[in-house]
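Chain A is the first sequence line, chain B the second, and so forth, proteins listed ahead of strands; every chain is numbered from 1.
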Number of protein chains: 2
Amino acid sequence: MPDHTRPPGKRVTIYDVALEADVSPSTVSRAFSRPSRVNSETAERIRQVAERLGYRTNPLARALTTSRTQMIALVIADITNPVYAEIVRGAQEAATDGEYTTVLIDAQESDRLERAAVERTMSTVDGIVLASSRMSDSAIRMVAKQRPVVVLNRALADVPCVVTDNPRGVRRAAEHLGELGHDHITYVAGPQASWPNGVRWRSLLEAGMELEIKVRQIGPFSPTMAGGERAAQELCARPATAVLAFNDQMAIGIIRGLSRMGVNVPGDVSVVGFDNILAADIVTPGLTTVAAPLYAEGSAATRHLLTMIGGAPGHTGPPMVLPVRLVVRDSTAARNPRPGRARPPWVRQRPVPGPAAHLP
Amino acid sequence: MPDHTRPPGKRVTIYDVALEADVSPSTVSRAFSRPSRVNSETAERIRQVAERLGYRTNPLARALTTSRTQMIALVIADITNPVYAEIVRGAQEAATDGEYTTVLIDAQESDRLERAAVERTMSTVDGIVLASSRMSDSAIRMVAKQRPVVVLNRALADVPCVVTDNPRGVRRAAEHLGELGHDHITYVAGPQASWPNGVRWRSLLEAGMELEIKVRQIGPFSPTMAGGERAAQELCARPATAVLAFNDQMAIGIIRGLSRMGVNVPGDVSVVGFDNILAADIVTPGLTTVAAPLYAEGSAATRHLLTMIGGAPGHTGPPMVLPVRLVVRDSTAARNPRPGRARPPWVRQRPVPGPAAHLP
DNA sequence: CAATACATGGCAACCCATTGCCACCGCCGT
DNA sequence: ACGGCGGTGGCAATGGGTTGCCATGTATTG
């Protein structure tokens with residue numbers, strides 16, 4: 001029997017296996033990549049020899065000829081944002097199901113970093129999921145030209161997209177606030193490079209129109225707690241009784257900022273967030289928010305990407321829209337519960353400029 | 001002038017560039033990988049042609065000969081846990097500085113998944129950072145034999161490690177609770193596969209010994225809010241006035257669970273967590289916790305890995321220890337502030353079994 | 001029994017870049 | 001004028017699999 005011990009440090013290749021199993025390298029290759037193409041007994045023998053020698057097929061070498069690495073990239077805007085955790089989980093599950101490995105890339109909310117990372121990774125992966133990309137439309141199309149791409153949380157012609165039903169979410173939030181007696185909603189904007197940010201504002205404009213609620217926008221602010229606290233300061237200068245924040249982190253920041261300044265939520269101001277992150281449930285007061293099916297987003301986007309890689313035409317129809325729901329907690333309440341108070345007590349003396357128009 | 005338009009879908013290779021620039025492929029290769037080895041004018045010409053043709057060196061092909069992919073893997077136990085966000089940031093920064101790409105792998109707290117993922121990825125990366133690995137020591141050593149590995153949040157002979165000063169953190173927490181009059185601390189354990197979990201408990205045993213504070217352990221529980229809420233129920237059966245939780249998420253879960261049962265934190269029970277996640281600051285009451293330099297952990301581990309990849313011997317001395325600090329917030333308070341109450345009012349009638357001994 | 005079809009396995013080209021080694025050139029020193 | 005030398009650039013092998021095509025050998029069919 002030939003020696004079992006290979007010189008250490010040396011990779012075991014199909015050639016080594018071929019030698020031991022007394023077949024040609026191509027047969028060894030086929031035994032793994034197209035088992036039906038080789039006699040089952042031979043295949044079994046090869047598999048055993050391979051096992052004994054500790055052979056592992058080299059994915060890089062394989063990729064060189066097949067140009068399939070069995071890896072997909074998942075680009076997220078900010079790993080610090082808990083929203084993405086669930087999305088990642090969903091994507092990972094779908095990828096694993098399809099025998100794919102996910103490489104996660106954190107763009108740190110930076111257009112530049114995102115492009116650089118995508119650039120570097122592109123040639124190494126079979127496809128890309130861009131979750132909340134901060135890149136420009138044209139940059140995304142550029143990427144999509146070279147690799148299968150699915151875009152998450154953003155709609156873009158000619159590129160397959162998965163989005164959540166932002167208009168409906170905003171509408172539900174506005175209805176909810178309206179029912180509580182609020183006739184004016186302030187939208188606290190997040191990053192301008194964020195697609196949902198624009199959509200949410202426009203949806204709020206529409207909803208305001210239909211529901212006869214006035215709306216205005218302040219910001220943009222960083223989509224973080226710190227950003228929310230800064231927004232709170234600005235809110236003091238231009239008071240509001242109902243606030244819709246770009247996301248939960250900002251909403252939480254707003255609540256903290258307001259309470260630090262003696263403003264009560266929901267007594268004086270109602271606050272609604274977006275995303276329903278875990279923290280929304282643990283803050284005091286619990287945050288009313290628009291919940292999205294995070295896990296489903298990740299998994300739907302990834303599954304679609306996988307079919308594209310498998311050769312399906314990236315059906316460039318309308319984006320796939322996932323449903324949302326409003327989770328009502330304690331950060332929203334009826335407006336001005338204290339009778340006789342036209343305005344919350346913390347309104348500064350400076351008169352509020354005439355009611356904000358429905359901006360274009 | 002030859003045609004500028006390449007057949008679409010076809011990758012541009014050094015051969016294409018060589019043809020256009022009228023040099024041999026090897027010269028093109030050298031123009032990029034060892035510019036000093038080729039005439040600067042030639043190199044410039046080649047670079048321009050390459051630019052015009054849109055040539056990008058194929059990292060896979062390069063890796064095949066150099067066996068360097070310029071990628072490292074960062075394996076984390078649970079992407080849902082916000083602790084890792086900062087670690088990832090630190091690691092990513094260090095990697096980017098060294099011209100490396102990080103591929104992030106989420107093990108979902110599963111030994112099995114972690115092994116599988118590492119297995120799949122190993123041959124594709126130049127090195128691995130295992131952050132809070134759930135694998136067995138032997139499995140880790142196995143991996144370390146094949147690729148440079150740095151282990152984070154775990155000490156392991158023969159493998160380079162980066163850990164935080166758990167003993168000191170526990171000691172500080174115990175001192176803090178002792179100063180508040182607590183003479184008994186209950187440790188709420190996290191995953192048994194977690195190395196810090198064991199260390200924290202043992203450190204608490206030691207600290208208890210020295211500070212003359214009794215200690216006991218309950219658990220293990222899942223290191224999540226849900227796990228903490230379950231722990232809270234068990235805490236009701238076996239009351240305590242001071243609790244040290246494995247991490248912040250459990251601590252928050254414990255606080256919620258307790259308050260749901262009418263127990264006041266910190267009035268009746270003081271709770272201390274570990275990690276100082278963002279949420280620790282936003283819950284009510286604010287969570288007293290042991291803070292670790294997360295970002296530094298990730299970056300230190302990665303930098304060390306990079307030097308190993310660069311050829312340095314993975315100095316297998318003692319682990320690198322990073323300092324911690326105690327962040328005191330509002331979840332800890334003096335024991336039994338209400339005079340005349342030997343025990344908090346919520347103690348069930350069933351007598352508490354004799355004070356837990358200092359277990360082995 | 002001849003003719004054809006199918007199941008297996010080998011040969012060799014190919015994927016793309018890297019690199020050791022050699023060849024050529026112009027220039028120097030003697 | 002000739003040997004030697006540094007600077008450039010090309011040839012060809014290499015890394016580890018994959019795959020089109022052909023050559024067997026066996027099984028099926030008329």
Task: Nucleic acid contacts of residues 39-47 of chain A, taken as heavy-atom distances under 4.0 Å to DNA chain C - done: A/Asn39, A/Thr42

TODO: Would you please name every residue forming a salt bridge (Lys or Arg N to Asp or Glu O under 4.0 Å) with B/Glu109, sequence neighbours left out?
DONE: B/Arg134

Open item on the list: I need the full list of side-chain hydrogen bond (donor to acceptor under 3.5 Å, both in side chains) pairs touching residues 22-31 of chain B, with sequence neighbours left out, sorted by first then second residue.
Closed with: B/Ser24-B/Ser26, B/Ser24-B/Thr27

Open item on the list: The criterion is ring pair (Phe, Tyr, Trp, His ring centres under 6.0 Å); which residues satisfy it with B/Tyr55, sequence neighbours excluded?
Closed with: B/Phe32

Task: Pairs satisfying salt bridge (Lys or Arg N to Asp or Glu O under 4.0 Å), at least one member in residues 293-306 of chain A, at least two apart - done: none

Task: Interatomic distance where CG belongs to B/Leu64 and C1' belongs to D/dG15 [whole Å] - done: 4 Å

- [ ] Could you tell me whether the side chain of A/Asp126 and the main chain of A/Thr69 form a donor-acceptor pair under 3.5 Å?
- [x] yes

Open item on the list: Between the opening five pairs and the closing five pairs of the helix from C/dC1-D/dG30 to C/dT30-D/dA1, how far apart are the helix axes, to 10°?
Closed with: 40°

Task: salt bridge (Lys or Arg N to Asp or Glu O under 4.0 Å) contacts touching residues 64-82 of chain A (sequence neighbours left out) - done: A/Asp78-B/Arg89

Open item on the list: Of all nucleotides in DNA chain C that come within under 4.0 Å of a heavy atom of chain A, which is furthest toward the 5' end and which toward the 3' end?
Closed with: C/dT8 to C/dC16

TODO: Among residues two or more places apart or on two chains, list those pairs meeting salt bridge (Lys or Arg N to Asp or Glu O under 4.0 Å) that have a residue in residues 111-122 of chain A.
DONE: A/Glu119-B/Arg56

- [ ] Using a 4.0 Å cut-off on protein heavy atoms (strictly under), produce a 5'-to-3' string for nucleotides 18-24 of chain D with B for base contact, S for backbone-only sugar-phosphate contact, and - for none.
- [x] BBBB---

Open item on the list: Less than 4.5 Å apart, side chain to side chain, heavy atoms only: is that true for A/Met135 and A/Val118?
Closed with: yes

- [ ] Give a yes or no on whether the backbone of A/Ala157 and the side-chain of A/Arg141 come within a donor-acceptor separation of less than 3.5 Å.
- [x] yes

TODO: Could I get the full list of salt bridge (Lys or Arg N to Asp or Glu O under 4.0 Å) partners for B/Asp137, not counting sequence neighbours?
DONE: B/Arg154

- [ ] Please collect all ring-ring contact (aromatic ring centres under 6.0 Å, His included) contacts where either partner lies in residues 85-140 of chain B, sequence neighbours excluded, each pair once.
- [x] none

Open item on the list: Under a 3.5 Å distance rule, please check whether A/Thr307 uses its side chain to pair with a backbone N or O of A/His304 as donor and acceptor.
Closed with: yes

